[in-house]
> 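Dropping a structure here in structure tokens format, bear with me for questions.
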Amino acid sequence: MSSHTGNFCIDAEDPYAQTMWWAQVLDDFVIDPEDLIEPGDDECGLLGPDGRWLLFLKVPEAKSIKNRMHICLRPTDRSRDEEVDRVIELGATLVDDLRGGEESGWVVLADPEGNEFCVLRRRGADE
């Protein structure tokens, strides 16, 4: 026997704001029109491939240490560096720049609540 992923949950001070921000970043996780989320909700999320959810759950405490698990993004229609610039314009902050030129490395960013995530280079040789 084995298990399949059901949901990915991230603690949040403001689940609605986090959901709206990540909806701008991701193209494979979207706001479900049947899920009537509102500001102040304790749980909000994005519907992803195969019915999996990226959920943001209200917690009373602010983030205080480095994430033990994080999301890695791989751009689909632009280079890694262009995607880093786009996401920073949306409100991400630079945590660590581990690029080794155009052909290697990644960039660690943080979302508006400080949750770290990485931007990898686009798959394929035409980055």
Side-chain angles (χ1 to χ4, degrees):
M1 291 201 159
S2 64
S3 296
H4 293 275
T5 55
N7 302 317
F8 302 96
C9 299
I10 299 174
D11 291 348
E13 291 181 58
D14 186 343
Y16 180 81
Q18 283 291 89
T19 298
M20 301 310 287
W21 189 82
W22 278 97
Q24 296 176 81
V25 173
L26 302 172
D27 67 357
D28 58 343
F29 282 80
V30 298
I31 296 171
D32 181 355
E34 295 179 20
D35 187 22
L36 305 176
I37 61 173
E38 297 179 344
D41 284 351
D42 288 341
E43 178 181 307
C44 296
L46 300 169
L47 181 59
D50 301 324
R52 292 178 178 94
W53 286 85
L54 177 60
L55 296 173
F56 297 93
L57 309 175
K58 179 132 181 97
V59 295
E61 67 278 352
K63 181 180 176 299
S64 61
I65 59 171
K66 183 181 180 296
N67 296 11
R68 297 289 301 241
M69 186 169 87
H70 64 270
I71 297 170
C72 291
L73 306 179
R74 192 175 293 278
T76 58
D77 62 349
R78 60 184 54 104
S79 72
R80 174 201 55 214
D81 297 346
E82 291 168 327
E83 182 66 353
V84 167
D85 292 343
R86 182 185 80 86
V87 177
I88 287 174
E89 285 181 27
L90 292 173
T93 55
L94 179 66
V95 174
D96 200 2
D97 191 335
L98 300 164
R99 289 178 267 206
E102 290 184 25
E103 297 301 318
S104 66
W106 60 92
V107 177
V108 181
L109 300 174
D111 72 16
E113 289 196 7
N115 298 302
E116 297 92 359
F117 62 97
C118 295
V119 179
L120 311 175
R121 63 185 196 88
R122 189 170 69 182
R123 226 181 263 290
D126 60 341
E127 179 179 44

> After noting the C-alpha distance and the side-chain angles of Gln18 and Asn115, does the key distance pass the side-chain contact (heavy atoms from CB on, under 4.5 Å) rule?
CA-CA 10 Å; Gln18 283 291 89; Asn115 298 302; 3.5 Å; yes

> Taking the ring centre of each residue, are Trp21 and Phe56 less than 6.0 Å apart?
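No.
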
> Quick one: pull up CD in Glu116 and NE2 in His70 and give me the separation to the nearest 0.5 Å.
8.5 Å

> Distance-only, no hydrogens or angles: does the Glu113 side chain make a donor-acceptor pair with backbone N or O of Asp14 under 3.5 Å?
yes

> Using a strict threshold of under 4.0 Å (side-chain N to carboxylate O), is an ion pair present between Arg86 and Glu83?
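Between Arg86 and Glu83 there is a salt bridge, with a charged N closer than 4.0 Å to a carboxylate O.
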
> Side chain to side chain donor-acceptor pair (under 3.5 Å) with Arg74: which residues, sequence neighbours excluded?
none

> So which heavy atom on Leu109 is nearest to which on Leu94, and how close?
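In terms of heavy atoms, the two residues are closest at CD2-CA, 3.7 Å.
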
> Check this for me, if you would: do Glu82 and Arg122 make a salt bridge, where the nitrogen-to-carboxylate-oxygen distance has to be below 4.0 angstrom?
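Here Glu82 does not pair with Arg122 in a salt bridge, since their nearest N and O are not under 4.0 Å apart.
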
> Are the side chains of Val84 and Asp97 in contact, using a 4.5 Å heavy-atom criterion?
no

> Please lay out, stage by stage, how Lys63 and Asp11 fare under the test side-chain contact (heavy atoms from CB on, under 4.5 Å).
CA-CA 8 Å; Lys63 181 180 176 299; Asp11 291 348; over 6 Å; no

> How far apart are the closest heavy atoms of Phe117 and Asp111, and which atoms are they?
CE2-N, 3.5 Å

> Give, for atom SG of Cys118 and atom CZ of Arg80, the distance between the pair rounded to the nearest 0.5 Å.
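If I round to the nearest 0.5 Å, the distance is 11.5 Å.
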
> Identify every side-chain donor-acceptor pair in residues 35-50 under 3.5 Å, counting partners at least two apart or on other chains, and give the distances.
| from | atom 1 | to | atom 2 | distance (Å) |
| --- | --- | --- | --- | --- |
| Asp41 | OD2 | Glu38 | N | 2.7 |
| Asp50 | OD2 | Arg52 | NH1 | 3.2 |

> Identify whether Tyr16 and Leu90 are in the same connected component of the hydrophobic contact network (ILVMFWY, side-chain heavy atoms under 4.5 Å).
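In one cluster: yes.
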
> In this structure, would Val87 and Val95 fall into the same cluster of hydrophobic residues linked by side-chain contacts under 4.5 Å?
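No; tracing contacts between hydrophobic side chains, which count when under 4.5 Å, never links both residues.
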
> Give the intermediate values and the outcome of side-chain contact (heavy atoms from CB on, under 4.5 Å) for residues Ile71 and Ile10.
CA-CA 10 Å; Ile71 297 170; Ile10 299 174; 4.1 Å; yes

> In this structure, would Trp22 and Leu57 fall into the same cluster of hydrophobic residues linked by side-chain contacts under 4.5 Å?
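They do not share one cluster, since no chain of ILVMFWY contacts under 4.5 Å joins Trp22 to Leu57.
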
> Does Ile31 belong to the same Ile/Leu/Val/Met/Phe/Trp/Tyr cluster as Phe29, with side-chain heavy atoms less than 4.5 Å apart forming each link?
yes

> Are Ile88 and Val108 co-members of a hydrophobic cluster defined by side-chain heavy atoms under 4.5 Å apart?
no

